[in-house]
Amino acid sequence: MDKTFKPAEIEKRWYAHWEESGYFAPGGSGDPYCIMIPPPNVTGSLHMGHGFQQTLMDALIRYHRMLGNDTLWQVGTDHAGIATQMVVERQLEAEGRDRHELGREAFIERVWQWKGESGGNITRQLRRLGTSPDWSRERFTMDEGLSRAVQEVFIRLYREGLIYRGQRLVNWDPSLHTAISDLEVIAEEEQGHLWHFRYPLSDGSGHLTVATTRPETMLGDAAIAVHPEDERYAQLVGKTVDLPLVGRQLPIVADDYVDRDFGTGCVKITPAHDFNDYALGQRHGLPLINILNADATLSDAVPEFYRGLDRFTARERVVADLEQLGLLEKVEDHTLKVPRGDRSGVVIEPWLTPQWYVDAKKLAAPAIEAVESGAIAFVPKQWENTYFSWMRDLQDWCISRQLWWGHRIPAWYDPEGNVYVGEDEASVRAEHGLSDNLPLHRDEDVLDTWFSSALWTFSTLGWPEDTPELARYHPTSVLVTGFDIIFFWVARMIMMTLHFRGEVPFHTVYVHGLVRDSEGQKMSKSKGNVLDPIDLIDGIDLEDLVAKRTAGMMQPRLAEKIEKATRQHYPEGISAYGTDALRFTFYSLASTGRDIKFDLGRIEGYRNFCNKLWNAARYVLMNAEGEDCGQDPEAPVSYHLVDRWIRSRLQETIGEVHRALDNYRFDLAAQVLYDFVWNEYCDWYLELSKVALRDPTGDDAARRGTRQTLVQVLESVLRLLHPFMPFITEESWQSVAPLVGVRGATIMRQPYPEVDPSSVDKAASAELEWLKIIVLGVRNIRGEMNVAPGKTVDALLRNGTENDKKRLLDNQTFLMQLARLGSIRFLADGESAPAAATALAGDLEIFVPLAGLIDREAELGRLTRELNRIEGELKRLRGKLDNPGFVAKAPAEVVEREREKLAAQEQAQARLEAQRQALEDM
RNA sequence: AGGACCAUAGCUCAGUUGGUUAGAGCGCUACCUUGACAUGGUAGAGGUCGCCAGUUCGAAUCUGGCUGGUCCUACCA
């Protein structure tokens with residue numbers, strides 16, 4: 001074994017072996033346990049959020065697999081309609097072509113081809129994380145089976161009246177030429193202007209002033225609205241104004257939507273280009289004047305002069321023309337929220353188009369009920385509120401997209417515009433008795449990607465077929481997801497699954513935080529602060545990292561800034577930490593918080609932890625291989641105190657890990673394991689074992705017991721750690737397991753450790769605590785007195801009980817080795833203590849004689865500091881116990897505990913005070 | 001505007017139903033290459049738990065208010 005842990009080689013070797021051996025497939029006779037992967041976007045590459053999420057799921061899966069559950073982790077990707085189409089369109093653009101030139105069929109062919117070449121990227125990366133999904137069942141939302149499920153769902157919802165086609169305002173992306181959902185629109189504050197225009201009253205009696213942030217929309221104005229109780233305008237309601245530049249007469253209407261205090265209190269109403277205006281228009285029967293084409297140029301509905309202009313050019317033109325006419329009253333700077341498409345980044349237009357909708361309100365009621373009743377539980381629970389607030393105010397879901405890549409809507413139109421929904425053209429004709437010469441054309445649109453993702457839990461298991469997998473693994477056990485897609489995906493899955501399966505998609509939704517950089521900033525390409533989990537595993541040098549982060553940057557200034565920041569943050573690049581260290585870091589950060597700040601310092605610490613574990617295994621193997629470790633059940637074995645102690649502590653650790661994992665507290669599990677391995681097993685037990693194994697007075701049974709304990713505890717620890725650090729545990733386990741008499745092809749399929757109550761040993765714990773206090777007391781003296789580590793000191797004990805005396809007898813060798821003592825003994829009756837440094841272990845006093853190596857003044861200082869601390873403690877305790885309310889009302893055992901503390905502190909004070917006197921008198 | 005969440009050591013975070021001397025890792029200081037490990041060991045410094053009230057015998061923990069920060073939803077043209 002190497003002196004340091006080298007992850008790269010063993011990771012590749014073990015992963016290939018696991019996958020080839022089929023260890024990831026379901027199996028086991030226990031209850032089914034199933035997780036559906038939130039399908040990553042097929043165009044994507046692995047980012048820290050994926051890494052984090054996959055790692056959490058893998059721990060759950062490996063844990064349950066080892067618990068004996070029949071474990072299915074369903075893996076796959078989604079087709080990401082817009083994103084994927086954009087990628088391929090950009091490729092075409094680079095070739096100087098576009099998709100229209102290619103035609104729909106050839107274009108889709110091209111997308112499939114691209115998917116075949118690059119779609120495996122993300123799954124390759126998932127493998128690097130050591131995840132253990134059942135790759136043989138990998139699915140893609142555009143697969144034949146899943147497409148069938150999508151079609152089936154669409155047709156059935158249509159027939160049930162839950163899908164309908166309607167013409168209304170949607171969020172239109174003028175660069176992608178498609179509708180997008182509310183959730184794909186990001187509205188952020190930007191600097192703009194508020195233009196004030198005068199609209200002359202038709203009767204010539206003056207004008208009204210309206211304010212707008214989007215002047216070009218005035219060409220589509222249909223009315224002016226004022227507040228019904230606004231006295232300034234009351235007499236104008238019912239009159240009309242002349243719309244400048246257009247000449248149309250607009251009615252003045254009263255509506256309490258208007259805010260009297262904003263601007264002039266008069267609002268121009270453009271029903272075809274604003275969601276609020278649309279609603280107002282409906283109330284007042286106003287016409288919809290659609291002034292935009294699909295690409296956001298002005299349509300034929302505007303005066304000829306403006307037709308075909310881009311919306312922003314038209315804006316300048318309209319402002320200039322109104323100014324010319326003297327109708328521009330003023331322009332103010334104004335901050336407003338501008339809606340932009342999260343993919344394209346362009347300003348989104350509310351636009352009037354025919355689209356398909358799901359009647360979400362009807363589907364929502366049972367979905368709300370499922371969470372209220374506890375059939376589905378969110379962890380942490382607070383996310384249920386987020387879910388409810390979204391569900392209670394649900395809008396109908398626009399599911400059509402004007403794209404080519406996706407599930408094409410199974411609807412056909414005849415020349416009259418009648419719609420027929422069905423599996424294919426032939427069945428539509430047959431069902432509706434349409435003659436063969438009636439021309440039908442299929443709807444051009446595809447469905448929102450989330451429509452197919454909403455079916456994910458059951459479509460991946462074979463629905464609408466009645467498969468055995470569906471019966472066995474559905475409902476699934478837990479969904480692991482980020483809070484950012486509770487609306488997007490979780491809610492829709494619940495609605496669809498309840499409707500089509502009559503059961504919930506999963507029992508638990510575990511909501512994790514979002515990974516951010518060390519300053520809490522969201523990681524994004526444009527900020528240049530993204531970390532690729534693979535780079536943390538393999539390492540990357542500075543130049544490559546800079547190149548990677550600035551690649552494809554449109555703005556050179558931004559690239560420069562990113563380069564500078566990167567060079568500052570990672571002057572040495574990033575070193576290779578390995579998968580296990582990365583994973584353990586993710587677990588340790590997975591607390592209940594919403595933000596996960598990823599700090600390189602943490603991963604370095606856990607890389608060191610891997611190395612610690614590695615070296616602990618090295619030590620154990622060096623001492624156990626080729627030796628008698630008690631594999632033979634006939635050989636007599638006796639356990640020394642230290643063995644009984646570590647075995648007992650192991651049981652507590654096992655219990656805590658179970659509790660933590662059952663509550664999705666990966667951070668606590670990681671903490672408990674780290675603490676046990678490093679601070680107990682390595683720091684104390686391994687050191688104690690050295691003493692035990694070298695003890696010339698020990699017998700074979702005892703040495704056998706210690707070796708057996710060394711290997712058994714390590715072997716258990718490896719199994720405990722395996723769900724978190726799969727590679728290092730597998731590699732070590734292969735060498736360690738035979739020493740405990742276990743042989744197995746893989747640790748993956750070994751049972752997870754369970755608490756063995758018979759190994760819990762309170763007495764051993766107490767005695768070892770005693771040993772530790774003495775060792776730490778002497779070490780503290782040595783440390784503070786600057787005694788050279790190589791030098792031994794002597795220790796004298798006084799005032800011990802019979803128990804202390806017995807313990808000394810039993811543990812003398814351990815004390816001497818661990819505290820580097822030359823001798824240790826009790827003072828004889830009547831023997832006076834020499835000038836010494838003092839430590840206390842309860843009643844027991846420990847003296848380390850000064851005898852030339854300890855500084856009297858330094859010891860006086862040390863005693864004084866300790867006495868001051870005790871003084872503070874006494875004050876606190878006396879204050880508490882002098883309070884009659886406390887003594888009367890607090891539970892008796894609490895009062896008793898405080899009294900004991902007080903007595904102990906008083907005694908410590910007396911002892912140390914006496915010692916100080918003694919030193920001062922010298 | 002409404003709602004949610006957060007505020008604990010220099011940094012990143014734990015702290016279970018109120019009772020601990022408030023913990024961990026990283027960082028910091030001193031000493032040490034001792035036979036598993038310098039990706040290490042030993043010892044140490046460092047916190048009036050954001051602020052103010054209240055409930056209680058007792059508050060980091062419960063309640064209210066304030067301040068600061070993050071996010072979500074809805075948006076005023």
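Residue numbers start from 1 in every chain, and the chains themselves are labelled A, B, ... in the order their sequence lines are given, proteins ahead of strands. Everything numeric in this text was worked out from a predicted model, so none of it was measured.
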Separation of atom [atom1] in [X] from atom [atom2] in [N], rounded to whole Å:
{"X": "A:R878", "N": "B:rC57", "atom1": "CZ", "atom2": "C1'", "value": "20 Å"}
{"X": "A:Y199", "N": "B:rA77", "atom1": "OH", "atom2": "C1'", "value": "11 Å"}
{"X": "A:H334", "N": "B:rC76", "atom1": "NE2", "atom2": "C1'", "value": "7 Å"}

Q) What string of B, S and - do you get for nucleotides 2-18 of chain B, 5' to 3', when a contact is any protein heavy atom under 4.0 Å? A) --B-------BSSS---
Q | Sequence-aligned protein contact record of nucleotides 31-37 of chain B, with B where the base is within under 4.0 Å of a protein heavy atom and S where only the sugar-phosphate is | A | -S--SBB
Q: Taking only the side-chain nitrogens and oxygens of A:N883, find out if one of them lies under 4.0 Å from OP1 or OP2 of B:rG58.
A: no
Q. Counting just side-chain N and O atoms, does A:K880 come under 4.0 Å of either OP1 or OP2 of B:rG58?
A. no
Q: Could you give me the stems involving RNA chain B, meaning stretches of three or more consecutive Watson-Crick or G-U wobble pairs whose two defining distances are both below 3.5 Å?
A: B:1-7 with B:67-73, B:10-13 with B:23-26, B:28-32 with B:40-44, B:50-54 with B:62-66
Just by distance, do the side chain of [X] and the backbone of [Y] share a donor-acceptor pair under 3.5 Å?
{"X": "A:D221", "Y": "A:K268", "answer": "no"}
{"X": "A:R862", "Y": "A:T838", "answer": "yes"}
{"X": "A:E687", "Y": "A:Y681", "answer": "no"}

Q. What is the ring orientation for A:Y199 with A:F197, classed by angle as parallel under 30°, tilted 30 to 60°, or perpendicular over 60°?
A. parallel
Q | Residues which pass side chain to side chain contact (heavy atoms under 4.5 Å, CB included) with A:E898, listed by chain and number, not counting sequence neighbours | A | A:L877, A:K880, A:L881, A:F886, A:K901
Using a 4.0 Å heavy-atom cut-off across all strands, classify [X] as base, sugar-phosphate, or nothing.
{"X": "A:P884", "value": "nothing"}
{"X": "A:R782", "value": "nothing"}
{"X": "A:A890", "value": "base"}

What side-chain donor-acceptor pairs closer than 3.5 Å can you find for residues 667-679 of chain A, not counting sequence neighbours?
{"unit_1": "A:D667", "atom_1": "OD1", "unit_2": "A:R665", "atom_2": "NE", "d": "2.9"}
{"unit_1": "A:D667", "atom_1": "OD1", "unit_2": "A:R665", "atom_2": "NH2", "d": "3.4"}
{"unit_1": "A:D667", "atom_1": "OD2", "unit_2": "A:R665", "atom_2": "NH2", "d": "2.8"}
{"unit_1": "A:D675", "atom_1": "OD1", "unit_2": "A:N679", "atom_2": "ND2", "d": "2.6"}

Q.
Just so I know, are the side chains of A:L714 and A:L710 near enough to count as touching, which here means a heavy-atom distance under 4.5 Å?
A. no
Q.
Apply ring pair (Phe, Tyr, Trp, His ring centres under 6.0 Å) to residues A:F5 and A:W614 and explain how you reach the verdict.
A. CA-CA 6 Å; A:F5 172 55; A:W614 182 255; 5.2 Å; yes
Would you call [X]-[Y] a salt bridge at under 4.0 Å N-O?
{"X": "A:E625", "Y": "A:R618", "result": "no"}
{"X": "A:R198", "Y": "A:E329", "result": "yes"}
{"X": "A:R659", "Y": "A:E656", "result": "no"}
{"X": "A:R283", "Y": "A:D255", "result": "yes"}
{"X": "A:R878", "Y": "A:E906", "result": "yes"}

Q) Out of B:rC26, B:rC76, B:rA43, which has the shortest distance to the side chain of A:Y674? A) B:rC26
Q.
Near RNA chain B, counting only heavy atoms under 4.0 Å, which residues of residues 266-278 of chain A show up?
A. A:V267, A:N276
Q: Pick the P atom in B:rU63 and in B:rU56, then give their distance to the nearest Å.
A: 16 Å
